[in-house]
Amino acid sequence: MTLTSLDRTAEFKRRIETREARIGIVGMGYVGLPLALLFSEERFVITGFDVDPRKVETLNLGGSYIVRIPAAEIEQARKSGFSATADYARIADMDVVIICVPTPLSEYHEPDLSYVTGTVRSIAPHLREGQLIVLESTTYPGTTEEAVVPLLEKGNPSGLCVARDTVSHGFYVAFSPEREDPGNDSIARRDIPKVVGGCGPAAAELASAVYGSIFSRIVPVSSPEAAEMTKLLENIYRCVNIALVNELKQLCMRMGIDIFEVIEAAKTKPFGFQAFYPGPGLGGHCIPIDPFYLSWKAKQFDFHTRFIELAGEVNIAMPYFVVENIIEALSQRRKSLSGSRVLILGLAYKRDIDDLRESPSLTIIELLQKRGAIVEYNDPFIPSAGQGRKYALNMTSTPLDRVPEFDCVVIATDHSQYNYRDIVSKAQLVVDTRNATRGIEAVDIVRC
Ligand SMILES: NC(=O)c1ccc[n+]([C@@H]2O[C@H](COP(=O)([O-])OP(=O)(O)OC[C@H]3O[C@@H](n4cnc5c(N)ncnc54)[C@H](O)[C@@H]3O)[C@@H](O)[C@H]2O)c1
C-alpha cells in the first residue's frame, strides 16, 4: 500500500504524538545537546550526531563537557535511549533531523557557512521520503532556501525534492532559530516561544508539531527567511542597545555621572525602555557575529546596514577603553603597565558560564601582554585557556588567594560566586568593568 502525502503528514504527526518518531540532532554543542535533553525528557529517543569523536565518546559514557549540564542528565537521557554517533548513515533512520552546527565569521568578517553546508552534504545521501530537516543555526535570511535546499536536492541519490505542500512527494525543510540565553535561568527553556518558518505550509505544520511537543508556544511565520530574519533582529537589537549604553557609559564617566544609577532609574519606566548594561565588550558565539551575517547579505541588495556597523565599532573598541583605564589607574599609583602584574577575573564572556568564545577578556589579555604587562587570570568555570583571540595563551587559572600579589585586579566577568568585598579588601587596585563592586566603598576601585 502506498501512502498519499496527506496520509504521510498524518502518520508523521502520529509518530510525534506517540513518541515513535526518531529525532536526530546534528551538532552536540551548547545548542544541540540541551535540545537533545529536552526532547529526551519528553520520552523521544534521540540520536546526537557530531564530528568530534571525544564528544561522542563522552556522551555515550554518560558524561558531560558543558559545565551547566550535569552528567546525571546525560545518564538519565541514556536510559531513555539517547546515544551519540559520528556515523551519518544513521540519518536514514531518523524522522526528523535538526541541525545545530556553528555559523562563525571568516577571517575577512564574512559568513562562514562551511559547517552548515558540510553537514547538509553529509545528510543528503541518506535522505528519505517524508523526513523533516530543520536548520537551527543562526544565519542570514535566504540560507535555508539558497544553500540548504539545493544541496539536499542535489546530493540525494533518489532524486528527492523538497515537498512544499501536502500533495507533493519528497522531504520537508524548515528553519527554526535557537533563542536560548546561556546562564539565564529566569525562564525555562520550554517557555521560550519557538519561531518556525517552513519551506511551504506542510513543512511549517510538521516542524510546529515536532517543537510543539517540547515548547509551550510555537510562533509560525510565513517563510524560512522571516524566521532567519527574526533571529537576526533579536540579536541586532541587543548588539545596538549594548553599544548605546557602552557609548553613554564613556560620556557619563567624563561628566562624573554613574551610568548604572541612571539605568536603574530609567528602568522604573513601565513602558518603552528595556535595560541593557555596559561592559568590557561583546562576547559569545552570537551577538558579536550574527549582525555581520546580515550586513554581508545586505550588500547583495546595495544596502548598507549603518546601525550594525556603528554598534560593531563601539563594541569592538570597549576592550581598548578598558586597557586605557587600567593604564591610567596604574599611572596614578606611579606604576607603568609595562612590567605590572595584572589579574583578570573572569575569562568567560558572561557571568556563570564556561564559554569563552569571542570573550572580551581574551582581547584585554592580549592587549595588556602586548603592552608589556605580566597577565594571569582566574575563572572558576575555565581551568585552562589554550587559544586566545590572535595567538595561543596557554594559561591556567590562578587561585584567588594570590590576589594581593597583583598590581591590578580587573573584574572582566562578574561571576556570582566571587566574593567581591573580600577581593577588594585584598587587592592593591581593582578595575571593575561590570559594576560588580557596587555598594563597596574603597579608594582602590576604578569603575569603567
Ligand atoms: N551558544 C548559544 O548560546 C547560541 C544561542 C542561540 C543560537 N546559537 C547558534 O546555534 C548554532 C550552534 O552554536 P553552538 O553554540 O551550539 O556551537 P558549538 O560549537 O557549541 O556546537 C556545535 C557542534 O557542532 C559540531 N559540528 C561541527 N561541524 C559538524 C558536522 N559537519 N557534523 C556534525 N557535527 C558538527 C561541533 O563538533 C560542535 O560540537 C550557531 O549557529 C549559533 O550561532 C547559539
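Numbering of ligands and ligand atoms starts at 1, following listing order. Each residue takes its place number in the sequence, starting with 1.
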Point to revise | Part of Ser122 within contact of ligand 1 (heavy atoms, under 4.0 Å) | key: neither
Study note, to complete from the structure: atom 21 (O) of ligand 1: closest protein heavy atom, distance to 0.1 Å, is Gly29 CA, 3.2 Å
Check your understanding: For ligand 1, which atoms have a heavy atom of Val26 less than 4.0 angstrom away?
Key -> 32 (N), 33 (C)
Check your understanding: When you check the gap from the basic side-chain N to the acidic O, do Arg68 and Asp355 get nearer than 4.0 Å?
Key -> no
Revision key, fill the gap. Atom 28 (N) of ligand 1: closest protein heavy atom, distance to 0.1 Å, is Tyr115 CD2, 3.5 Å
Sequence neighbours excluded and cut-off under 3.5 Å, please list the side-chain donor-acceptor pairs for residues 266-275, or say none.
from, atom 1, to, atom 2, distance (Å)
Lys267, NZ, Glu264, OE1, 3.1
Lys267, NZ, Tyr277, OH, 3.2
Thr268, OG1, Ala265, O, 2.5
Gln274, OE1, Tyr237, OH, 2.9

Exercise for review: Among all protein heavy atoms, pick the one closest to atom 25 (C) of ligand 1 and tell me residue, atom and distance.
Suggested key: Asp50 OD2, 3.3 Å
Point to revise | Arg179 contact mode with ligand 1 (heavy-atom cut-off under 4.0 Å) | key: neither
Review point. To the nearest 0.1 Å, how far is atom 24 (O) of ligand 1 from its closest protein heavy atom, and which atom is that?
Key: Gly27 CA, 3.3 Å
Review point. Is there side-chain contact between Tyr88 and Thr119, with at least one heavy-atom pair below 4.5 Å?
Key: yes
Point to revise | For atom 31 (N) of ligand 1, closest protein heavy-atom neighbour | key: Thr119 OG1, 3.1 Å
Practice item. Distance to 0.1 Å, residue and atom name: give those for the protein heavy atom nearest to atom 42 (C) of ligand 1. Key: His285 CD2, 3.2 Å
Per-pair distances, 0.1 Å, donor-acceptor, side chain in residues 298-307, under 3.5 Å, sequence neighbours excluded:
from, atom 1, to, atom 2, distance (Å)
Gln300, OE1, Lys297, NZ, 3.0

**Study point:** Nearest neighbour in protein (non-hydrogen) for atom 9 (C) of ligand 1
**Key:** Thr138 OG1, 3.5 Å
